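Taking it in order: structure first as structure tokens, then the write-up.
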Amino acid sequence: MMPSTPTVRPIIGLEIHVQLQTRTKMFCGCPVRYDAPPNSCVCAVCLGHPGALPVINRRALEYAVLTGMALNCTIARHTKWDRKSYYYPDLPKNYQISQYDMPLAEHGSFEFDVDGTTKRVRIKRAHLEEDAGKNIHDTPGCTLVDLNRAGTPLLEIVTEPDINSAEEAYVFCVELQRLVTCLGVSEGIMQKGQMRFEPNVNLAIPADGSECRTPIAEIKNLNSFRSVRNAIAYETQRQLAAWQEDPEYVHGRRPNENRGWNDDRGVTEYQRPKEAAHDYRYFPDPDLVPVELTDAMLEATRALMPELPVARRRRLVQQFRLSPKDAETIAEHRPTAELFECVLAAGGPPETVGKQFVNVWLKLANDRGAAVTDLGVSAERMAELAQITTEGIVNKTAANQLAETMLTRPAPPRQIAEELGLIQVQDQAATARWVEQAFAENAQAVRDAMENPKKAKAAAGFLRGQVMKLSGGKADPKLVGDLIEKRLAGG
Amino acid sequence: MGAIIDISRGVRAGVQSAEGAVRAALDRVHKANHSLNALLACDADRALERARALDAARVAGHDPGPLAGVPLALKDNICTPFGITTCGSRILGTFASQYAAHVVERLEFAGAVIIGKTNLDEFAMGSSTENSAFSPTRNPWDLARVAGGSSGGSCAAVAARLVPGALGSDTGGSIRQPASFCGVTGLKPTYGRVSRFGLVAFGSSLDQIGPIAEDAGDVALLLKVIAGHDARDSTSVDVPVPDYLAALDRPLAGLRVGVSEEYFGEGLDSEVRRAVEVAIAELERGGAVVVPVHLPHMKYAIACYYIVATAEASSNLARFDGVHYGHRTENPRDFMDVYAASRGEAFGPEVKRRIMLGTYVLSSGYYDAYYLKALKVRTLIRRDFERAFEQVDVIASPVAPSPAFLVGEKAVDPLAMYLSDVYSVSANLAGIPAVSLPCGFTAAGLPIGMQLMGRMMDEGTLLAAAHQYQLRTDHHRQRPPAFAEL
């Protein structure tokens, strides 16, 4: 039998590398491109050729400052660059230009919602550095080096160990991706390695009235949200089992370690003890002058700050009475959210716009694998559709059909509705005739609706559908429902 | 008038051809370089082709530039897109740079013709050019002696008049010390005055490219061409370049010359001391006022320098690893062996020594005691100079404690070799400009150099003082007897 399972509290900190989507690299003018032929986006500087010197990319600095501000960090007024030394073939200078003891941003925090409650994670620091190239091992007995990525601007964000579950870590990463894409500082595409995660994980276990902690494991180089969740979930279980087996498996008595995530087996694997970590011999890079950030520069950057995803979602819920789920869907991408608000600004009634935007426009975009902003339908026309739907000029079903037509026809929705004969028929007599006809043609359904309690609801729905069909989709569903109900009740 | 001004005027006026000037230089290289080993490479075809193009341009009515047709040699740690850039090292023995250093672009734009690359201590680490992987350079005044270093090849080439001018680099005295050993005029500009883009780094916070020529006038002309802001070097200063030539006429009268006893202490050769003292007296005769100054932290300069310079070097030289370019070992045992064996085979002993020193001082647990302490001392040395320059315009001193020593004399004693930089390193630590100019000869006929150090960005005052001194003396016009007939 298992010993009584203590209330174990995972302690998790994250290190996240975010590639910044600048046009050119961090320290040279080479383009930042993911899919270029190997070693085609390189120059003397990023190849580390003799005599070549780095020059900082001002845009990368601005992006990093903007992100630091969005993470509520204190932005350094004076910062510098340091060299981090280690030998590796994908690092042409055999040192990485980074920031050691004076990071660009420090002491921040990031708030987001997990399972309906607000979680706050402190941000320890965020600093700029250059990415390494890639070692490619797909030729047996031979390693090839592609230096296109070398020198890509990277923002390294380090949290305090404030995260307490795999799910929280997962949501943090998702929300961070939303943040950086909203800020426009990164595309945040996992498949392209634009965001990479390294969780530090250990457990606080209540034991004998006090609390003991397991050694910290750093899980290296995770590049999907799913692997973050799975690796942490696995690692917390592994550490608990290790502690249960070995009471000395405690921080300070057993070494901290680096572990790798094996996605195929679903386990973390031991790499090396943390104590054997490199001496990186950091020292200030004499090729780069320290950076002074002026008030003017900080103000100019702050002025670029958009409404952030978490805040925007909360506002959408409050202001437009959207469901949290719809708000999340709309706020997922900044251009989508901006279009949504443009539709509202163009006079679309909020409730209809909210439903239609998600159920009609986003669905149409999704079906086509396109962004809603690329559908070719302006905010004004979306607003008009919502307007005529709200006014009952077209019904919901007709609105769907109308929306699809609007993709290919630039005319105003009302005109298209008229041409397609989708204008809702409010004529009571005409509607009554369709009801009459439907009842006559569907005797069994009428019987079920009237006499069979088990089938009554479905049968009534069927009859409504038949009436709508007879009307060519033009009948007012509410009126149809009323008339059917009345007739069934014997009216 | 120096040879550079002479040639450029002649070529611009059409009384002399660039081709003729270049041919003459190539001819002298051909005759004399084998005994000096001053040039490591000489591309005669390219040089002549460029010279002919310059002549053609002039005939067509274009101004070929302020250095029209002037044949120059560059220290082989300055990247040229033609030929090789070896840094005097086996690890770059066949390395061809993909691009031109900023100074190369400037010189060629001004009409200069680069005829070759000069010998140096490996990666500019040394004071005698004996650390070159391609044999030492010999001193034209006495072939048994060193030319000094690390820009020994450039200084010997100018001293023997193979070329009228050359560029060197100076991290701790590497232009000034060989200039003094070879009897030529050499300037280390203010840190940031000349772009380092394309200079293979030794100690990045200390390195500066500078001109070497027969006299201060030619040095001024070369500096005018190579100085100025370059966006590719973040440490390059964006300050207008004055007309150094026009400033040469400033008289000595009223010039306040600082003399610090810290530069005349133990270890200074008596002949050097006497020559420098006589030279200072000559400045006084010209109207300069001698003012004693105190530089209390000078005694820490060598220790400070060899920590800062080696720390930076250990990092700067990490890129030479046999992976991407340069020498790679034949049969590595494993992946780490590519690094260890390639570097072990191709770096010379002095470079290895400095990489190890630098790695040590940056290591965890030693950083504060060595590197950080050295940075603090560096600040103190800089302040010493700032205070001194409140009282004086220039500071005069010996360049090196002795004249040129024998080949092999100090090669076995690295510390003795390091001490030959004792008077020169502090200008690099402080970032200030300093010029070395001939001020006499020993009884044995070896040149002696005087150093003038100046305020930040005040090369103009240094060059004017040097020029005025040279108007009153002829040490700089003396030529090594063995090469006088070239």
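On a predicted model such as this, the values are computed, not experimentally measured, just so you know. Convention: sequence-line order gives letters A, B, ...; per-chain numbering from 1.
Note that CG of Leu199(B) is 8.5 Å distant from CG of Leu53(A), once rounded to the nearest 0.5 Å. Atom CZ of Arg281(A) and atom OG of Ser315(B) lie 8.0 Å apart (nearest 0.5 Å). Put simply, NE2 on His49(A) and CZ on Phe95(B) are 5.0 Å apart, with the number rounded to the nearest 0.5 Å. Interatomic distance, Asp90(A) CG to His324(B) NE2, rounded to the nearest 0.5 Å: 8.0 Å.
Atom NZ of Lys373(B) has 12 or fewer heavy atoms from other residues, nucleotides or ligands within 6.0 Å. More than 12 heavy atoms of other shown residues, nucleotides or ligands fall within 6.0 angstrom of atom CZ in Phe134(B). For Phe82(B), the CZ atom is densely surrounded, since the number of other residues' heavy atoms within 6.0 Å is greater than 12. Within a 6.0 Å radius of CZ in Phe335(B), more than 12 heavy atoms belonging to other residues, nucleotides or ligands are found. A 6.0 Å sphere centred on CZ of Arg59(A) holds no more than 12 heavy atoms belonging to other residues, nucleotides or ligands. For Glu330(B), the CD atom is loosely surrounded, since the number of other residues' heavy atoms within 6.0 Å does not exceed 12. Shown here is Arg77(A), whose CZ atom has more than 12 heavy atoms of other residues, nucleotides or ligands within 6.0 Å. Remark: Lys84(A) NZ is packed, more than 12 non-hydrogen atoms of other residues, nucleotides or ligands lying under 6.0 Å away.
Proximity to chain A involves both the backbone and the side chain of Asn316(B), based on heavy atoms less than 4.5 angstrom apart. Proximity to chain A (any heavy atom under 4.5 Å) is shown, for Ser97(B), by neither the backbone nor the side chain. For Phe123(B), no part lies under 4.5 angstrom from a heavy atom of chain A. With a 4.5 angstrom heavy-atom cutoff, Tyr88(A) touches chain B via backbone and side-chain atoms both. Looking at Ala44(A), only its side chain comes within 4.5 Å of chain B, counting heavy atoms on both sides. At a 4.5 Å heavy-atom cutoff, the contact between Tyr367(B) and chain A is made by side-chain atoms alone. For a residue to count as touching a neighbouring chain, one of its non-hydrogen atoms must lie under 4.5 Å from one of that chain's; by this rule Tyr95(A) touches chain B with the side chain only.
Pairs engaging residues 23-46 of chain A under the side-chain hydrogen bond (donor to acceptor under 3.5 Å, both in side chains) rule: Thr24(A)-Asn57(A) [sequence neighbours left out].
Chain A is approached within less than 4.5 Å, heavy atom to heavy atom, by Leu92(B) from residues 86-93 of chain B, ordered by number. Scanning residues 353-366 of chain B against chain A with a 4.5 Å heavy-atom cutoff picks out Thr359(B), Leu362(B), Ser363(B), Ser364(B), ordered by number.
Val55(A) and Ala231(B) get closest at one heavy-atom pair: CG2-O, 3.3 Å. Closest of all the heavy-atom pairs between Phe197(B) and Ala52(A) is CE1-CA, 4.2 Å.
Chain A forms more heavy-atom pairs under 4.5 Å with one residue of Ser234(B), Ala311(B), Ser314(B) than with any other, namely Ser234(B). Taking Ala101(B), Ser205(B), Gly198(B), Cys79(B) one by one and counting their heavy-atom pairs under 4.5 Å with chain A, the maximum is reached by Gly198(B). The residue among Asp233(B), Val323(B), Ile78(B), Asp207(B) with the most heavy atom pairs within less than 4.5 Å of chain A is Asp233(B). With chain B as partner, the option from Pro286(A), Pro50(A), Pro92(A), Gly29(A) having the largest number of non-hydrogen pairs under 4.5 angstrom is Pro50(A). Among Val45(A), Asn94(A), Leu47(A), Ile56(A), the residue with the largest count of heavy-atom pairs under 4.5 Å with chain B is Asn94(A). Taking chain A as the reference chain and counting heavy-atom pairs below 4.5 Å, the highest number among Arg196(B), Glu312(B), Arg319(B) is found for Arg319(B).
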For this session: Starting from the C-alpha separation in whole Å, work towards a yes-or-no answer on side-chain contact (heavy atoms from CB on, under 4.5 Å) for Thr235(B) and Val289(A).
Result: CA-CA 6 Å; Thr235(B) 63; Val289(A) 289; 4.3 Å; yes
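Here the side chain of Tyr87(A) pairs no donor or acceptor atom with the backbone of Met336(B) at under 3.5 angstrom.
Two residues are said to be in side-chain contact when any heavy atoms from C-beta on lie closer than 4.5 Å; Tyr99(B) and Cys43(A) fail this criterion.
Asp230(B) meets the side-chain hydrogen bond (donor to acceptor under 3.5 Å, both in side chains) test with His102(B), Ser195(B), Arg232(B); sequence neighbours excluded.
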